[in-house]
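In what follows, a structure is listed as structure tokens, so that the remarks can point back to it.
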Amino acid sequence: MRQISRRLQKVLRDTDTLARLGGDEFAILLTETAVGDAERLVEKVRGLLAIEMKERAWPVSFSMGLITFKDCPEDMKQVIQLADELMYSAKHGGKNNVVKLH
């Protein structure tokens, strides 16, 4: 997990927050980021993680949920729950993809 975290930190901005939620689940909070920029970053992250897995010969894929808000909700638990639901939709939809909600 440390390797993944280090790889992710290389593409994130100083204003972004990376957090491990538990097990193999991570969350990235992108503040003041347009939808298109968030989508491009997610694809960049997926590419970097795929390289990391290939270099280590680890048979791992990445299912992600991407949720964007014009204004940040006050209840961050709700935000995490929505993103988690999207991630599980990605897993159930064939894995190794991104499910988005804007």
Check side-chain contact (heavy atoms from CB on, under 4.5 Å) between T68 and all other residues, then give those that pass, not counting sequence neighbours.
V35, A38, L66, H102

Count I, L, V, M, F, W, Y as connected when their side-chain heavy atoms are under 4.5 Å apart, and connections chain through other members. Are M53 and V45 then in the same cluster?
yes

Using only atom types and a distance under 3.5 Å, with no angle test, would you say the side chain of S63 pairs donor to acceptor with the backbone of N97?
no

Partners of E85 by salt bridge (charged side-chain N to carboxylate O under 4.0 Å, His left out), sequence neighbours excluded?
none

As a quick check of understanding, evaluate side chain to side chain contact (heavy atoms under 4.5 Å, CB included) for L82 and F69, giving each step before the final call.
CA-CA 12 Å; L82 287 169; F69 297 93; 4.3 Å; yes

According to side chain to side chain donor-acceptor pair (under 3.5 Å), who are the partners of D16, at least two apart in sequence or on a separate chain?
R13

Identify whether W58 and F26 are in the same connected component of the hydrophobic contact network (ILVMFWY, side-chain heavy atoms under 4.5 Å).
yes

Interatomic distance, D37 atom CG to K44 atom NZ [nearest 0.5 angstrom]
11.5 Å

Audit row: R46, E43, salt bridge (charged side-chain N to carboxylate O under 4.0 Å, His left out) steps and yes/no:
CA-CA 5 Å; R46 288 181 70 211; E43 290 307 316; 3.3 Å; yes

Criterion side chain to side chain contact (heavy atoms under 4.5 Å, CB included) on V42 and E39, from CA distance to verdict
CA-CA 5 Å; V42 165; E39 289 175 340; 5.8 Å; no

Nearest-0.5 Å distance, CD of residue E52 to NZ of residue K54
13.5 Å

How about E55: does its CD atom have over 12 heavy atoms from other parts shown lying under 6.0 Å from it?
yes

Evaluate side chain to side chain contact (heavy atoms under 4.5 Å, CB included) for L49 paired with M64, printing each intermediate quantity in order.
CA-CA 12 Å; L49 292 173; M64 299 181 185; 4.0 Å; yes

Tell me, do L48 and L8 make a side-chain contact under 4.5 Å, heavy atoms counted?
no

Tell me, yes or no, whether the heavy-atom count around Q9 atom CD, taken from other residues, nucleotides or ligands under 6.0 Å, exceeds 12.
yes

Quick one: NZ on K91 to CE on M87, what's the gap to the nearest 0.5 Å?
4.5 Å

Under 4.5 Å between side-chain heavy atoms, hopping through other hydrophobics if needed: is there a path connecting V99 to I28?
no

Backbone of T31 reached by a side-chain donor or acceptor of T33 within 3.5 Å
yes

State, to 0.1 Å, how close I67 and A83 come at their nearest heavy-atom pair, and which atoms those are.
CG2-CB, 4.1 Å

When clusters are formed by joining ILVMFWY residues with side-chain heavy atoms under 4.5 Å apart, either directly or through shared neighbours, do V98 and I80 land in the same one?
no

Tell me whether L21 shares a hydrophobic cluster with L30, the cluster being built from Ile, Leu, Val, Met, Phe, Trp, Tyr side chains joined at under 4.5 Å.
no

